[in-house]
Amino acid sequence: MPSSRTGRPPVQRTVRRPAAPRTARDNPVRQLYLRAKKAWDRPLTAYYLILGGSLLITVLGLVMVYSASQITALQMSLPGSFFFRKQFLAALIGGALLLAASRMPVKLHRALAYPILAGAVFLMALVQVPGIGMSVNGNQNWISLGGSFQIQPSEFGKLALVLWGADLLARKQDKKLLTQWKHMLVPLVPVAFMLLGLIMLGGDMGTAIILTAILFGLLWLAGAPTRLFVGVLSIAGLIGLILIKTSPNRMARLACIGATEPRSAGADCWQAVHGIYALASGGIFGSGLGASVEKWGQLPEAHTDFIFAVTGEELGLAGTLSVLALFAALGYAGIRVAGRTEDPFVRYAAGGVTTWITAQAVINIGAVLGLLPIAGVPLPLFSYGGSALLPTMFAIGLLIAFARDEPAARAALAMRQPRFGRKRGAGGSARNREPRRWNTMRRRASAARPSGER
């Protein structure tokens with residue numbers, strides 16, 4: 001080896017190798033996607049989405065009801081918080097129903113199906129009795145409970161059809177009878193048409209549409225062939241067309257789709273057009289909570305059917321997109337619960353509740369946006385109305401119970417239960433006693449364990 005001038009051996013320089021190309025695993029975007037996918041697939045994702053999403057929608061709805069109903073209450077010579085207090089009371093009762101439904105076993109849910117159906121049919125028939133039933137906005141579908149409290153039995157008919165239909169289809173599936181079309185349709189379709197008839201006697205077309213959507217959802221989950229869907233849909237469409245053609249009010253609502261002037265196509269489209277005005281004036285972040293202009297008598301039913309328009313005016317596009325995202329998360333979680341269970345009753349009930357809430361939200365928001373005719377249905381968990389809020393929160397409790405009942409979810413929840421450490425000694429002063437330790441399974445888990453499902 002040749003030496004240098006100093007007599008020392010020359011320093012050998014390392015040859016730089018070209019950098020290895022980045023693999024897909026080193027991509028930060030892909031890493032973020034994989035982490036989000038892993039978190040999305042955890043067993044408690046549906047449980048938290050249903051619980052958190054429904055509570056956020058309810059709380060935001062209470063805020064918007066308070067903001068949108070103040071002017072209406074003052075115009076009726078009532079306190080500004082009148083409607084908010086009633087809605088808050090309904091939310092408290094609904095919260096108790098949600099908690100009770102989420103703790104009930106599946107067998108108890110199935111046992112309640114027939115009593116709820118019988119009670120709903122009785123109350124819906126009672127609405128047509130003169131002196132008992134009340135007419136609100138031209139629809140005879142209310143019963144007075146005394147004072148300012150009223151109840152709309154048709155809202156409980158939705159819950160009754162979901163529970164009873166799910167129990168009926170589950171029992172027929174256990175007996176392998178759903179392969180025959182007559183067992184799939186009878187008695188589900190006749191009972192649903194009976195409920196629709198009682199609702200239409202009061203003139204409530206919007207609730208009838210929601211009930212029809214629930215019926216189609218149950219038939220689709222039961223695996224009804226296409227020809228049955230076409231047959232039932234044709235009959236329902238023909239009946240709906242006759243009901244629309246024979247009612248000038250419904251024809252006027254149909255003519256207001258996409259209207260931009262209060263008097264469009266010879267129809268009075270005041271409510272539809274001012275809903276668009278409210279959304280258009282909100283901008284990106286809105287005019288501020290409580291600063292709506294349209295609620296000052298310009299927009300009818302600002303705190304009920306058109307509360308989404310007031311939300312767009314006060315909270316802007318950001319607020320409306322947040323509400324849409326919450327409903328989308330709630331719908332996804334319901335579909336996930338229905339798709340991952342092995343219990344047929346849970347699958348039918350979860351699918352029916354998801355169809356109910358999703359269809360009603362789409363119809364309400366579509367009417368506010370001018371894409372659908374005004375059907376007069378409230379936005380679930382959001383609009384003012386205790387009769388609509390109570391059965392909806394009970395239905396959310398069903399979804400929570402079903403999400404908790406999954407084997408993986410039960411195991412994950414058991415791991416999160418707090419466990420007590422050492423107990424305090426029986427004697428000695430408080431200073432000599434050791435503090436209580438709240439050791440959970442997460443803390444006691446080995447540090448070498450990978451992330452896993454929690």
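Since we're looking at a predicted model, the values are computed, not measured. What you see below is based on every heavy atom in this structure, not just the backbone, and it leaves out hydrogens, waters and symmetry mates.
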With a 4.5 Å cut-off on side-chain heavy atoms, are [Y] and [X] touching?
X: Val368; Y: Leu379; result: no
X: Ile374; Y: Phe306; result: yes
X: Arg404; Y: Arg103; result: yes
X: Leu163; Y: Leu159; result: yes
X: Arg347; Y: Pro344; result: yes
X: Gln150; Y: Ser387; result: no
X: Tyr48; Y: Arg42; result: no
X: Tyr33; Y: Val29; result: no

Taking atom [atom1] of [X] and atom [atom2] of [Y], what is their separation to the nearest 0.5 Å?
X: Leu317; Y: Leu279; atom1: CG; atom2: CG; value: 9.5 Å
X: Leu196; Y: Met124; atom1: CG; atom2: CE; value: 8.0 Å
X: Thr355; Y: Trp220; atom1: OG1; atom2: CH2; value: 8.5 Å
X: Ile199; Y: Leu211; atom1: CD1; atom2: CG; value: 4.5 Å
X: Met200; Y: Thr207; atom1: CE; atom2: OG1; value: 10.0 Å
X: Ile307; Y: Ser69; atom1: CD1; atom2: OG; value: 8.0 Å

Least distance between heavy atoms, [X] atom then [Y] atom:
X: Ile143; Y: Pro153; result: CD1-CG, 3.9 Å
X: Phe382; Y: Thr311; result: CE2-OG1, 3.4 Å
X: Ser322; Y: Ala318; result: OG-O, 2.7 Å
X: Gly351; Y: Ala338; result: N-CB, 4.0 Å
X: Ala166; Y: Ala349; result: CB-N, 3.5 Å
X: Pro380; Y: Ile57; result: O-CG2, 3.9 Å

Just by modelled atom types, is the [Y] backbone N or O under 3.5 Å from a matching donor or acceptor in the [X] side chain?
X: Thr341; Y: Val337; value: no
X: Ser54; Y: Leu51; value: yes
X: Glu314; Y: Ser292; value: yes

task = List the steps, then state whether side-chain contact (heavy atoms from CB on, under 4.5 Å) holds for Val127 with Gln140.
result = CA-CA 7 Å; Val127 168; Gln140 182 81 12; 4.2 Å; yes
request  = Could you tell me whether Lys295 and Glu313 make a salt bridge, using a distance below 4.0 angstrom between a side-chain N and a carboxylate O?
outcome  = no
More than 12 heavy atoms from other groups under 6.0 Å of [atom1] on [X]:
X: Arg410; atom1: CZ; result: yes
X: Glu342; atom1: CD; result: no
X: Arg85; atom1: CZ; result: yes

Which word best sums up how the rings of [X] and [Y] line up, parallel for under 30°, tilted for 30 to 60°, or perpendicular for over 60°?
X: Trp164; Y: Tyr114; value: perpendicular
X: Tyr384; Y: His303; value: tilted
X: Trp270; Y: His274; value: tilted

ask   = Are Phe345 and Asp167 close enough, and set up right, to give a side-chain contact (heavy atoms from CB on, under 4.5 Å), and what steps lead you there?
value = CA-CA 6 Å; Phe345 172 79; Asp167 178 69; 4.1 Å; yes
task = For the pair Asp305 and Gln271, evaluate side-chain hydrogen bond (donor to acceptor under 3.5 Å, both in side chains) and give the outcome as yes or no after the intermediate values.
result = CA-CA 10 Å; Asp305 300 345; Gln271 187 179 25; 5.3 Å; no
What donor-acceptor contacts under 3.5 angstrom involve side-chain atoms of residues 389-402, with partners at least two apart or in another chain?
| unit_1 | atom_1 | unit_2 | atom_2 | d |
| --- | --- | --- | --- | --- |
| Thr392 | OG1 | Ala388 | O | 2.6 |

task = Apply side-chain contact (heavy atoms from CB on, under 4.5 Å) to the pair Leu381 and Ile357, showing each step before the final yes or no.
result = CA-CA 9 Å; Leu381 302 173; Ile357 295 177; 5.6 Å; no
ask   = Does the side-chain contact (heavy atoms from CB on, under 4.5 Å) test come out yes or no for Val273 and Tyr277, once each step is laid out?
value = CA-CA 6 Å; Val273 171; Tyr277 289 168; 3.3 Å; yes
